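Input: a single structure, listed below in structure tokens.
Position 1 is the first residue of the sequence; numbering continues from there. All values reported here derive from a predicted model rather than from experimental measurement.
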Amino acid sequence: MATALVIENDPSDDLRRLGDWLTEAGLELTVLRPHAGDGLPETLDGCLALIVLGGDQSAYPAPDGTPGAPWFPALEGLLRKAVRHRVPTLGVCLGGQLLATAHGGLVERAPSGPEIGPGLVGKRDAADSDPLFKWVPLLPDVLQWHRDEITELPLNATLLAASSRCPNQAFRIGDRAWGLQFHIECDADMIADWVRADSDVLAELGYDPEAVVLATAGALADVEEVWQPFAVRFASLALGTLPDADIPNQVFGRTLPLLGQ
């Protein structure tokens, strides 16, 4: 049976609630964990969708050219093939950053510092005709946990959501690939684990760890209200049952052949 391929980049950021929403919507999932030694496929043949999760790594290479993780070059190749062949794709936080860098975008350390905890982002006008974002409210609740951000979107990207602190919060490439800077998959236990792991960083930034956990727990219902239907629409798109999947006046074609097959 054809399934959606999920790439877990870090054991601390798994599918969690997003996985529940997708499977409840009828989408079968196959999870690969390259951090644990799983190899990545060369193609997406037979895959209904590609989902790339977050992680503690950076999407950009170190000063000596070493990638943020050994499998990132191959993963960026898969992301290019997904866009080229119109495989429904969702990148979350680091996954969204990798979708951007794979297509010529720029990811850097966030100029205004890390974003941590619950917050709001604002939809842009282009979201009104987007198959997934047009049903998202104007100011959706999200969960933030990132120190890097996309400072320049790929030239062929469409900005769908922004905030004053981080202008590139959500975008689409082509008509089937979405990148999110924020998190929608987290539950209270995941955030509590991140708080413990990043306690030194939180202290340096002046955050109260207990307050971050409590604020996140208080926002989870609002996040689910927005993003569970979003996940259901993504699953429907992957399954070929989304009735309004086409984007008006969207032009597709094979371009930049050196970026993937």
**Message:** Which residues pass the ring-ring contact (aromatic ring centres under 6.0 Å, His included) test with Phe234, not counting sequence neighbours?
**Reply:** none

**Asked** Near Glu42 CD, under 6.0 Å, is it more than 12 heavy atoms from other residues, nucleotides or ligands?
**Response** no

**Request:** Identify the two heavy atoms, one from Cys47 and one from Val87, that lie closest to each other, and give their separation to 0.1 Å.
**Result:** O-CG1, 4.2 Å

**Item:** Side-chain donor-acceptor pair present, Gln181, Gln97, cut-off under 3.5 Å
**Value:** yes

**Asked** Can a salt bridge be assigned to the pair Arg33 and Glu8 using a cut-off of 4.0 Å between side-chain N and carboxylate O?
**Response** yes

**Message:** So, taking the atom named CG in Leu32 and the one named CG in Asp38, what distance separates them when rounded to the nearest 0.5 Å?
**Reply:** 5.5 Å

**Fill in**
Partner of Asp130 under salt bridge (charged side-chain N to carboxylate O under 4.0 Å, His left out), picked from Arg176, Arg172, Arg233, is Arg172

**Request:** Nearest 0.5 Å please: distance from the CD1 atom of Ile173 over to the CG atom of Leu99.
**Result:** 4.0 Å

**Asked** Under 3.5 Å, is there a donor-acceptor pair linking the side chains of Asn9 and Trp71?
**Response** yes

**Item:** Residue Glu225 excluded, over 12 heavy atoms near CD under 6.0 Å
**Value:** no

**Fill in**
Correct closest heavy-atom pair for Ala126 and Leu159 would be CB-O, 3.7 Å

**Message:** Whether Asp187 and Arg17 form a salt bridge (side-chain N of Lys/Arg under 4.0 Å from carboxylate O of Asp/Glu) is what I want to check.
**Reply:** no

**Request:** Identify, with sequence neighbours excluded, every residue that meets side-chain hydrogen bond (donor to acceptor under 3.5 Å, both in side chains) alongside Ser164.
**Result:** none

**Any donor-acceptor N or O pair under 3.5 Å, side chains Trp145, Asp198** = yes

**Message:** Please determine whether the number of non-hydrogen atoms from other residues, nucleotides or ligands lying under 6.0 Å from atom CZ of Arg124 exceeds 12.
**Reply:** no

**Message:** Using 0.5 Å steps for rounding, measure from the CZ atom of Phe72 to the CG atom of Leu79.
**Reply:** 10.5 Å

**Item:** Whether over 12 other heavy atoms sit under 6.0 Å from Asp128 CG
**Value:** yes

**Asked** What class does the angle between the rings of Trp227 and Phe133 fall in, given that below 30° is parallel, 30 to 60° is tilted and above 60° is perpendicular?
**Response** perpendicular

**Prompt:** Looking at CE of Met190 and CG of Leu15, how far apart are the two atoms once the value is rounded to the nearest 0.5 Å?
**Reply:** 8.5 Å

**Asked** Quick one: does Asp246's side chain get under 4.5 Å of Asp244's, heavy atoms only?
**Response** no

**Asked** Do Glu28 and Thr23 have side-chain atoms, one donor and one acceptor, less than 3.5 Å apart?
**Response** no

